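All chains are named by letter (A, B, ...) in the order of the sequence lines, taking the proteins before the strands, and each is independently numbered beginning at 1. In this text, all values refer to a predicted model and were calculated from it rather than measured experimentally.
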There are 2 protein chains.
Amino acid sequence: MDRRQRKTREAIFRAFTNLLSEKDFMHITVGDIIDRADIGRATFYAHFETKDFLLKELCEELFCHIFDSMNNEHSDHRHIFNCDAPKSVFLHLFRHLSKNDNKILDLLSGRNNELFLQYFKTNLCKLIENQLPTFNADKNNSLPTDFRIKLIASTFVETVRWWVANGMKETPETITEYFLCAV
Amino acid sequence: MDRRQRKTREAIFRAFTNLLSEKDFMHITVGDIIDRADIGRATFYAHFETKDFLLKELCEELFCHIFDSMNNEHSDHRHIFNCDAPKSVFLHLFRHLSKNDNKILDLLSGRNNELFLQYFKTNLCKLIENQLPTFNADKNNSLPTDFRIKLIASTFVETVRWWVANGMKETPETITEYFLCAV
DNA sequence: TCTGTTACCGAACTGTTTGTTCAATATAAT
DNA sequence: ATTATATTGAACAAACAGTTCGGTAACAGA
């Protein structure tokens, strides 16, 4: 990739994430973004079709590679997760979230956390579907499977939300315990 | 209230809820609303400061009175809920949701259900806080209280979301069982 | 170093949306 | 009937979205 392209793209993402921690996505204008990124208007539209696509690509850059790496590790080194799954998988996830250059942390603690957690949830459901047999099925075994998956996903999301709202004081290990205790 | 005012207000709400079931709130313009409501532009702004305030007032009209009535019944006739709380409270809620003139149903099954369930959740947490001692505390008793409340609220919301996504085929009684089984 | 390619700039431009204003008209309240 | 108020339609400035294009700077390969 051209160095110029890369720099502009990074400048746009940086400006955009800054703005997201200040105001609603809905009220951020393209003008705001190009002012803060210090680039021309035409340049922005050369990179992203609309503001919505910018959000989409940011989310993919943030989350999808996490899940991809997760799935790869899961299939390549299945033994790692099978020793005490699903604990390892979610511990892994919480660790990723807690250290990703503080970029994810900023976005998740801002006004728009629902926005990102929505994207997050979509990927999460697939992951949980694979892990489902390893979950303790004592209590809500009688519930429909798709319902159970969504419940676990929303519990995970709510756990993350509570975690970041309280300043992420707990260790990933503790939070994993909380999550597994709740689900 | 002036009959003219009331009629315009209703026309705006009707047009707005129609549009909400068709496209994202973000992409609905004031022009769309006044066209469908068949009113003048100046009239819209005489009623609502912005599009966001219209959404806010719609949510209040839809949800807040439900919770108000709930809280009143709860304080006036405490015995009703104490016989087998928290079942009654949430059964009550599910019943409300399933029959409110199909207006709530439309909105909750549309593209913008996250939007409304967000408003919903805020009120829900207060209700759950009152009902908390009546919940089965066997499993996740060790978790922080505020965390437990948010978990229960998000489980309720996720239950509603799954319910409407599947066409609300289950009776309120069944869904209440599902919810209490999951929480 | 030279050359063709590609990205960025910035300024202008069209079309859309927002929110306001105002005089004229219609409806409600007393 | 008279007064008060809601609605209308049109026009308006300001903000915003998305496009176009000629000129400039940075890149990659020979």
Residues B/E10 and B/R14 bridged, charged N to O under 4.0 Å: no
Closest to the 5' end of DNA chain D, once B/H47 and A/D32 are matched to their nearest nucleotides, is B/H47
The nucleotide from D/dT20, D/dC16, D/dA6 with an atom nearest the side chain of A/A42 is D/dT20
Min and max contacting nt of DNA chain C in 5' to 3' order, chain A heavy atoms within under 4.0 angstrom, are C/dT6 to C/dG10
Regarding A/H27, tell me which of base, sugar-phosphate or nothing describes its non-hydrogen contacts under 4.0 Å with the strands shown. nothing
Residue pair A/D2/B/E49 against DNA chain C: nearer the 5' end by closest nucleotide is A/D2
Whole-Å distance, A/D35 CG to D/dC16 C1', equals 12 Å
Confirm from the modelled atom types if B/R41 and D/dT8 form a donor-acceptor pair under 3.5 Å, side chain to base only. no
Quiz item: Is the distance between the ring centroids of B/Y178 and B/F90 less than 6.0 Å?
Solution: no
The single option from B/Q5, B/R4, B/R6 that satisfies side chain to side chain donor-acceptor pair (under 3.5 Å) with B/D2 is B/R4
*Think A/R3 has a side-chain N or O under 4.0 angstrom from the OP1 or OP2 of D/dC27?*
yes
Only residue of B/W163, B/F156, B/W162 satisfying ring-ring contact (aromatic ring centres under 6.0 Å, His included) with B/F179 is B/F156
Lys/Arg N to Asp/Glu carboxylate O, B/R36 vs B/E22, below 4.0 Å:
yes
Check: Strictly under 6.0 Å, is that where the ring centroids of B/F67 and B/F120 end up?
Finding: yes
Closest to the side chain of B/T43, out of D/dA11, D/dT8, D/dA26, is D/dT8
Residue pair B/I28/A/A46 against DNA chain C: nearer the 5' end by closest nucleotide is A/A46
Here the distance between atom P of D/dA6 and atom CE of B/M1, to the nearest Å, is 9 Å
